[in-house]
Amino acid sequence: MPRYRNCLVGDLRDQAVAGRKKPAESARSADPACLEVLAARSAEKISTVFDRFAAQQPQCGFGLQGICCRMCVQGPCRIMPKKEGAAKGICGAHDYTFVARNLVRYIAGGAASHSDHARHTARTLHEVASGHAKDYRVKDETKLRRVATRLGIAVEGQSTLDLARAVAEAAIADFTRFDDTPCAYLMTTITEGRQAKFKHCDIAPAAIDRTIAEILAQSTMGMDADPVNLIFGGLKTALADYTGMHIATDLSDILLGTPRPISSEANLGVLDIDCVNIAAHGHNPLLSEMIVEAARALEGEAKAAGARNGIKVVGICCTGNELLMRQGVPLATNQAGQELAIMTGALDAVIMDVQCFIPGLRAVAECFHTQLIATDKKAKIPGAYHIEFKEEGALDLAKYMVRLAIAAYKKRDARRVSIPRHKSRVVAGFSLEAIEEIFAKKNAERPISVLTDAIRAGRLRGVCLFAGCNNLRTPHDEAHLTVARELAKNDVFLIATGCSAGAFAKAGLMDPAAVGEYAGDGLKGFLKELGDAAGIAGGLPLIWHMGSCVDNTRAADLCTAMAREMGVDVPKVPFVASAPEDMHEKAISIGSWAVAMGLPVHVGVLPPVEGSPLVYGIATQIAHDVYGGHFIFEENPAEGAKKLLEALEYRTWKMGVHRAAAQKYETAPAAGW
Ligand code: BF8
Ligand code: SF4
């Protein structure tokens with residue numbers, strides 16, 4: 001397999017620090033709408049993430065490399081190899097222990113976040129099954145039955161609510177199990193090869209909550225100093241993260257409906273000067289779906305308040321992706337653009353649920369009339385309204401919040417409104433179910449073979465999942481766009497989630513019209529034929545939006561389906577992942593489970609691993625030997641695209657060799673990678 005490690009040029013650590021020095025200018029964005037807002041407001045000196053990023057330069061070299069330890073109060077300790085006696089921490093911990101501990105704690109943070117979201121969804125489904133939370137219901141009975149069957153729950157003769165209870169209880173069991181039976185939402189959604197691998201390496205989690213608690217215990221002062229053992233613990237935690245994410249996606253679909261292709265728009269131009277504009281921000285769609293419903297119910301009140309066009313709900317971050325996927329709600333911006341949405345002067349309220357909204361919002365909102373509303377007791381912002389969201393009476397609560405937005409609208413200063421004109425058409429809503437339905441128009445019996453056959457025939461080079469965040473260490477959205485355009489040109493079938501999907505949606509890459517401009521001939525032909533067969537008016541988009549960050553499990557399910565169709569395990573599937581602007585702990589966690597699943601995973605911003613050549617080597621090389629997946633650390637997006645293409649090419653070539661050998665010797669294709 002292609003291995004990437006620049007061992008020949010000096011010390012890895014020196015390179016790390018040199019490479020991390022960033023220019024101090026602000027306004028580093030590839031999004032014209034963001035640049036327009038920044039330019040329009042430049043005289044007002046409103047502090048944004050772009051300014052504060054510049055102010056933080058240069059960032060600490062120890063932190064960047066992961067060789068600062070604060071696991072106990074004797075610290076912080078730093079690894080200083082050139083200073084006599086300072087090559088280890090006070091307790092004698094090596095660089096590899098520092099780096100591994102820091103890394104697994106990132107993963108724990110990511111897993112805790114996703115599973116918090118999943119726990120909330122499981123509890124809501126359970127409430128619905130018990131006759132409470134009356135504003136919700138089982139909207140997708142087919143999915144409920146499919147998930148139940150997958151979990152081994154007998155569906156015959158069962159009522160919807162009994163099944164909903166059983167499916168919710170299976171999820172809750174995955175959080176709380178006391179014995180060592182591996183989590184059901186993990187083991188029922190992966191290949192047999194992965195099941196065996198995870199059991200063999202003892203990284204199949206039995207209970208999400210316990211796994212997160214155990215890795216915190218394992219990585220505390222005076223516990224595990226062995227980097228390899230720590231990393232196995234980290235991977236187990238990452239698989240607990242996967243389990244929580246799968247629960248969140250499955251149960252959200254059951255409660256709110258499984259997405260199907262839907263047309264909408266994206267970027268700050270979606271804000272409407274003649275509307276009460278409300279941004280739903282965060283991740284968990286349980287609240288934001290209610291905001292959409294409440295907004296529809298209160299149109300009349302908004303018009304009475306003077307908003308000619310009523311109420312416009314727009315999305316930011318992943319709750320925006322969830323609403324876009326299911327309701328066609330326009331996406332205003334992704335993570336790095338959140339303050340700029342307020343700086344248009346046209347946003348009357350930002351209603352936040354959980355994750356990825358930043359404290360900086362408050363100071364920006366203070367410069368305008370915007371009402372900032374936090375709704376989760378674990379996620380308050382000083383100075384913002386806090387209205388605790390509860391599933392019981394959810395719609396009434398949502399209406400109360402929408403009325404706050406209408407009241408704020410009345411205070412809007414029309415002279416300060418400056419909405420950029422940029423917006424793009426988006427076709428989103430590609431759940432795995434929707435993808436299978438589209439493929440089924442060409443092959444009803446074996447829908448996924450439409451994709452795998454196109455790869456086998458050389459029309460497509462493989463599949464790339466784009467995921468992850470915005471990271472100010474690289475110009476906003478630029479790396480996403482660069483890698484995607486390069487892969488599209490090279491006939492890679494592209495799917496996306498999270499803020500990566502947000503970047504593409506805003507830039508017009510989820511508009512079917514982009515196919516002609518960016519796709520290579522193979523991809524162009526594939527999308528055209530499929531669109532014609534599926535009778536999708538206007539055609540299929542260049543990049544298929546699979547949802548929010550938790551919905552990366554939809555993409556993992558696609559990969560598993562491809563492995564099953566090809567009769568191999570995941571490490572042989574021409575499927576790669578890229579997080580060109582990874583930022584959050586959640587992204588580190590997702591990348592880690594994707595590696596354990598057997599995927600090459602490109603990250604465009606390096607996590608702090610360079611302080612330990614050993615851990616760096618495990619992530620980029622040894623992981624491949626054990627799991628068939630590995631990290632590709634590459635900060636230059638054009639190079640990243642090249643390495644992803646090489647990874648796909650290697651897999652296709654190897655699969656061809658194994659297939660030819662299998663034919664010759666009349667055996668099954670080799671199981672190794
Ligand atoms: O969960 S991609 S910045 S918004 S963490 Fe956050 Fe990253 Fe965006 Fe969605 Ni995911
Ligand atoms: Fe220093 Fe060890 Fe404490 Fe870390 S755990 S801060 S290396 S003494």
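All of these numbers come straight from a predicted model, not from anything done at the bench. Throughout, residue positions are numbered sequentially from 1 according to the sequence presented.
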Are a donor atom and an acceptor atom from the side chains of Thr160 and Glu141 found within less than 3.5 Å of each other?
yes
Applied to residues 254-280, the ring pair (Phe, Tyr, Trp, His ring centres under 6.0 Å) test, sequence neighbours excluded, yields none
Could I get the full list of side chain to side chain donor-acceptor pair (under 3.5 Å) partners for Glu517, not counting sequence neighbours?
none
Candidate pair Glu433 and Arg260, rule salt bridge (Lys or Arg N to Asp or Glu O under 4.0 Å), full reasoning:
CA-CA 8 Å; Glu433 289 82 347; Arg260 294 293 189 281; 5.5 Å; no
Could you check whether any side-chain N or O of Arg485 sits under 3.5 Å from a backbone N or O of Tyr518, counting only pairs where one atom can act as donor and the other as acceptor?
no
Which heavy atom of Tyr242 sits nearest a heavy atom of Ala556, and at what distance?
CE1-CB, 3.9 Å
Side-chain contact test, heavy atoms from C-beta onward, threshold under 4.5 Å: evaluate it for Thr333 versus Leu340 and give yes or no.
no
Results of ring-ring contact (aromatic ring centres under 6.0 Å, His included) for His114 - residues two or more places apart only
none
So ring pair (Phe, Tyr, Trp, His ring centres under 6.0 Å) across residues 276-325, not counting sequence neighbours, yields His281-Phe357
Would you say the side chain of Leu540 lies within less than 4.5 Å of the side chain of Phe430, judging by non-hydrogen atoms?
yes
Correct closest heavy-atom pair for Ala519 and Leu542 would be CB-CD1, 3.7 Å
List in chain and number order the residues that pass ring-ring contact (aromatic ring centres under 6.0 Å, His included) with Phe466, two or more places apart in sequence or in another chain; answer none if no residue qualifies.
Phe504
With side-chain hydrogen bond (donor to acceptor under 3.5 Å, both in side chains) as the criterion, how do Thr243 and Asp174 come out once you've worked through the C-alpha distance, each side chain's angles and the decisive distance to 0.1 Å?
CA-CA 8 Å; Thr243 310; Asp174 272 358; 5.8 Å; no
Under the side chain to side chain contact (heavy atoms under 4.5 Å, CB included) rule, collect the residues that match up with Ser113, sequence neighbours excluded.
Gln355, His584, Lys586
Yes or no on side-chain hydrogen bond (donor to acceptor under 3.5 Å, both in side chains) for Glu322 and Ser548, after CA distance, side-chain angles and deciding distance?
CA-CA 6 Å; Glu322 299 264 2; Ser548 64; 2.8 Å; yes
Could you pull out all residues at least two apart from Asp511 that satisfy side chain to side chain donor-acceptor pair (under 3.5 Å)?
none
How would you list, by chain and number, every residue that makes a side chain to side chain donor-acceptor pair (under 3.5 Å) with Thr258, sequence neighbours excluded?
Asp140
Can you list everything that forms a side chain to side chain donor-acceptor pair (under 3.5 Å) with Asp250? Sequence neighbours excluded, please.
Arg150, His246
Can you list the steps and then say if Arg425 with Glu265 is a salt bridge (Lys or Arg N to Asp or Glu O under 4.0 Å)?
CA-CA 4 Å; Arg425 183 175 172 236; Glu265 295 176 324; over 6 Å; no
Do Asp31 and His476 meet the criterion of a side-chain donor-acceptor pair at a distance under 3.5 Å?
no
Determine, stepwise, if the pair Asn552 / Thr497 fulfils side-chain hydrogen bond (donor to acceptor under 3.5 Å, both in side chains).
CA-CA 7 Å; Asn552 280 307; Thr497 60; 2.7 Å; yes
Side chains of Asp51 and Thr48: do they bring a donor and an acceptor to under 3.5 Å?
yes
Taking only residues two or more places apart in sequence, or in another chain, which ones meet Ala503 in a side chain to side chain contact (heavy atoms under 4.5 Å, CB included)?
Asn334, Asp477, His480
Donor-acceptor pair between Asp353 and Asn284 side chains, under 3.5 angstrom:
no
Could you tell me which residues satisfy side chain to side chain contact (heavy atoms under 4.5 Å, CB included) with Ala295, sequence neighbours excluded, listed by chain and number?
Ile311, Val313
Under 3.5 Å side-chain donor-acceptor pair for Gln57 and Arg473:
no
Using side chain to side chain contact (heavy atoms under 4.5 Å, CB included) as the criterion, list what pairs up with Ala129, not counting sequence neighbours.
Ala164, Arg165
Can you name the one residue among Arg554, Arg146, Lys139 that meets salt bridge (Lys or Arg N to Asp or Glu O under 4.0 Å) with Asp253?
Arg554
For a side-chain hydrogen bond (donor to acceptor under 3.5 Å, both in side chains) check, start with the C-alpha distance between Glu391 and His132, then their side-chain angles and the critical distance, and finish with the verdict.
CA-CA 9 Å; Glu391 300 80 54; His132 307 302; over 6 Å; no
